[in-house]
Protein chains: 2
Amino acid sequence: MFELDLRSRAPMYEQLVEKIKELIINNVLKPDEQLPTVRVLAGELTINPNTIQKAYRELEHRGYIYSVPGKGSFVRPAVPGNNAARLRILEKELSIIVTEMRYLGAPPQEIITRIKTQLFKDEGGNVDD
Amino acid sequence: MFELDLRSRAPMYEQLVEKIKELIINNVLKPDEQLPTVRVLAGELTINPNTIQKAYRELEHRGYIYSVPGKGSFVRPAVPGNNAARLRILEKELSIIVTEMRYLGAPPQEIITRIKTQLFKDEGGNVDD
DNA sequence: CTAACTGTACTAATATAAATAGTACAGTTA
DNA sequence: TAACTGTACTATTTATATTAGTACAGTTAG
């Protein structure tokens, strides 16, 4: 079910957090869908269950999943609002990235167009400037 | 000259790289301006010179500074073009962040406006939609 | 109820990475 | 020459990540 590249130099649990978060955000993992068991995923990836649990604990702390002892771990449905803190962080990161892109000579108009395409891609929106 | 928060849990040399990169991008450190000496900065931050050197080595590898043995380390003037690889990475990061912001319920129009403000802030551009 | 699953919480040991300490050398400059 | 500069090492210590193993309570199907 999961294919993760664990060959990188970044900590595995951190890679797991990012990968799973990405799957949730991109709706590959649907709301309330059950995630692989700690032990099952550990078996599939041939790593220690504790490492998986560490990733799941982090994902739960960040609000992306919820775990029920005895049942399993599930995708937490996103609730607009209550995300002000996280959004503030993302806005800051966005600002840093955009600043660097401009510094590197990326055409501002192109950046805007790219983001608009990303934002309205399955929303029927207009990408015109 | 530098004020860095080294209380975080991220590696110090990594924080240094990000902080200095930010100062360069935001034009706080001007092109060809000399950076603090490895030993001087180590003294100011009360950390080991080797840690500073590791950060400088990384910054040089990423193209943000250049070092001349016997003279010092300096800010490398940005050259538009030749940044395709780095820009591709940034575009991917941008995409991930924007996707998460939308997932968290941020109004797309607000995201666009914020980016435009960032892009055209000292360029005399128009921020209208 | 039992058996087999679930998440969770530990301790201990090992492996990997980061940071420090110290020394050395060649290029630069006043 | 003297005092700087970056760079390149080795060795040591410290911090973090990962593994290994065990245990316990909640859940669920038979």
Side-chain angles (χ1 to χ4, degrees), chain A residues 1-2 4-21 23-24 29 31-77, chain B residues 1-2 4-21 23-24 29 31-77:
Chain A
M1 176 180 190
F2 283 89
L4 307 177
D5 58 337
L6 288 308
R7 45 200 157 173
S8 172
R9 60 280 174 204
M12 290 190 289
Y13 80 93
E14 207 171 279
Q15 293 183 47
L16 264 174
V17 168
E18 292 307 315
K19 283 284 182 182
I20 295 177
K21 196 182 77 178
L23 291 177
I24 293 176
L29 295 173
D32 292 310
E33 179 177 343
Q34 180 168 8
L35 294 171
T37 294
V38 167
R39 293 173 179 82
V40 167
L41 188 51
E44 287 182 5
L45 301 178
T46 334
I47 60 180
N48 198 280
N50 292 327
T51 306
I52 308 290
Q53 196 209 340
K54 189 172 184 179
Y56 278 17
R57 192 191 311 144
E58 183 63 23
L59 281 166
E60 182 164 24
H61 178 256
R62 294 194 199 174
Y64 287 97
I65 70 174
Y66 62 94
S67 298
V68 183
K71 298 192 69 174
S73 300
F74 308 85
V75 176
R76 158 158 285 141
Chain B
M1 176 179 191
F2 282 88
L4 307 177
D5 58 337
L6 288 308
R7 45 200 158 175
S8 173
R9 60 280 174 200
M12 290 189 290
Y13 80 93
E14 207 171 278
Q15 294 183 47
L16 264 174
V17 169
E18 292 307 315
K19 283 283 182 181
I20 296 177
K21 197 182 76 180
L23 291 177
I24 293 176
L29 295 172
D32 291 311
E33 178 177 344
Q34 180 167 8
L35 295 170
T37 293
V38 167
R39 293 173 179 83
V40 167
L41 187 52
E44 286 182 6
L45 300 179
T46 335
I47 61 180
N48 198 280
N50 293 327
T51 306
I52 307 290
Q53 196 209 340
K54 189 172 184 180
Y56 278 17
R57 192 191 311 143
E58 183 63 24
L59 282 166
E60 183 164 23
H61 179 256
R62 294 193 198 173
Y64 288 98
I65 70 174
Y66 63 94
S67 297
V68 183
K71 298 192 68 174
S73 301
F74 307 85
V75 176
R76 159 159 284 141

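Chain identifiers are assigned alphabetically (A, B, ...) following the order of the sequence lines, protein sequences preceding nucleic acid strands; residue numbering begins at 1 within each chain. This one's a predicted model, so the numbers in the text were calculated from it and none came from an experiment. Side-chain atoms are counted along with the backbone in the values below, which use heavy atoms only and exclude waters and symmetry mates.
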request  = Any chance you could lay out the salt bridge (charged side-chain N to carboxylate O under 4.0 Å, His left out) test for B:K21 and B:E18, step after step, and finish with the verdict?
outcome  = CA-CA 5 Å; B:K21 197 182 76 180; B:E18 292 307 315; 3.4 Å; yes
query = Nearest of C:dT8, C:dT20, D:dT19 to any side-chain atom of A:P69?
reply = C:dT8
request  = Examine D:dG6: is either OP1 or OP2 under 4.0 Å from a nitrogen or oxygen in the side chain of B:S67? Give yes or no.
outcome  = no
request  = With a 3.5 angstrom cut-off on both distances, give the Watson-Crick or G-U wobble partner of C:dG27, or none if there isn't one.
outcome  = D:dC4
message = Just N and O in the side chain of B:T37: are any of them under 4.0 Å from OP1 or OP2 of D:dT5?
response = yes
query = For C:dA18, does OP1 or OP2 lie under 4.0 Å from any side-chain N or O of B:Y13?
reply = yes
query = Looking for any heavy atom pair under 4.0 Å, which part of the strands does B:E14 touch: base, sugar-phosphate only, or nothing?
reply = nothing
task = Tell me whether the OP1 or OP2 atom of D:dT18 has a side-chain N or O from A:T51 closer than 4.0 Å.
result = no
key: Candidate nucleotides C:dT20, C:dA24, D:dA23, ranked by approach to the side chain of B:N48 - the nearest   = C:dT20
ask   = Side-chain N or O of A:K54 less than 4.0 angstrom from OP1 or OP2 on D:dA17?
value = yes
task = Name the residue closer to the 5' end of DNA chain C, choosing between B:T46 and A:R57 according to the nucleotide with the nearest heavy atom.
result = A:R57
message = Checking base pairs now: Watson-Crick or wobble, both atom distances under 3.5 Å. What partners C:dC10?
response = D:dG21
query = Taking all atoms of both residues into account, what is the closest heavy-atom pair of A:T51 and A:Y13, and its distance?
reply = O-CB, 3.8 Å
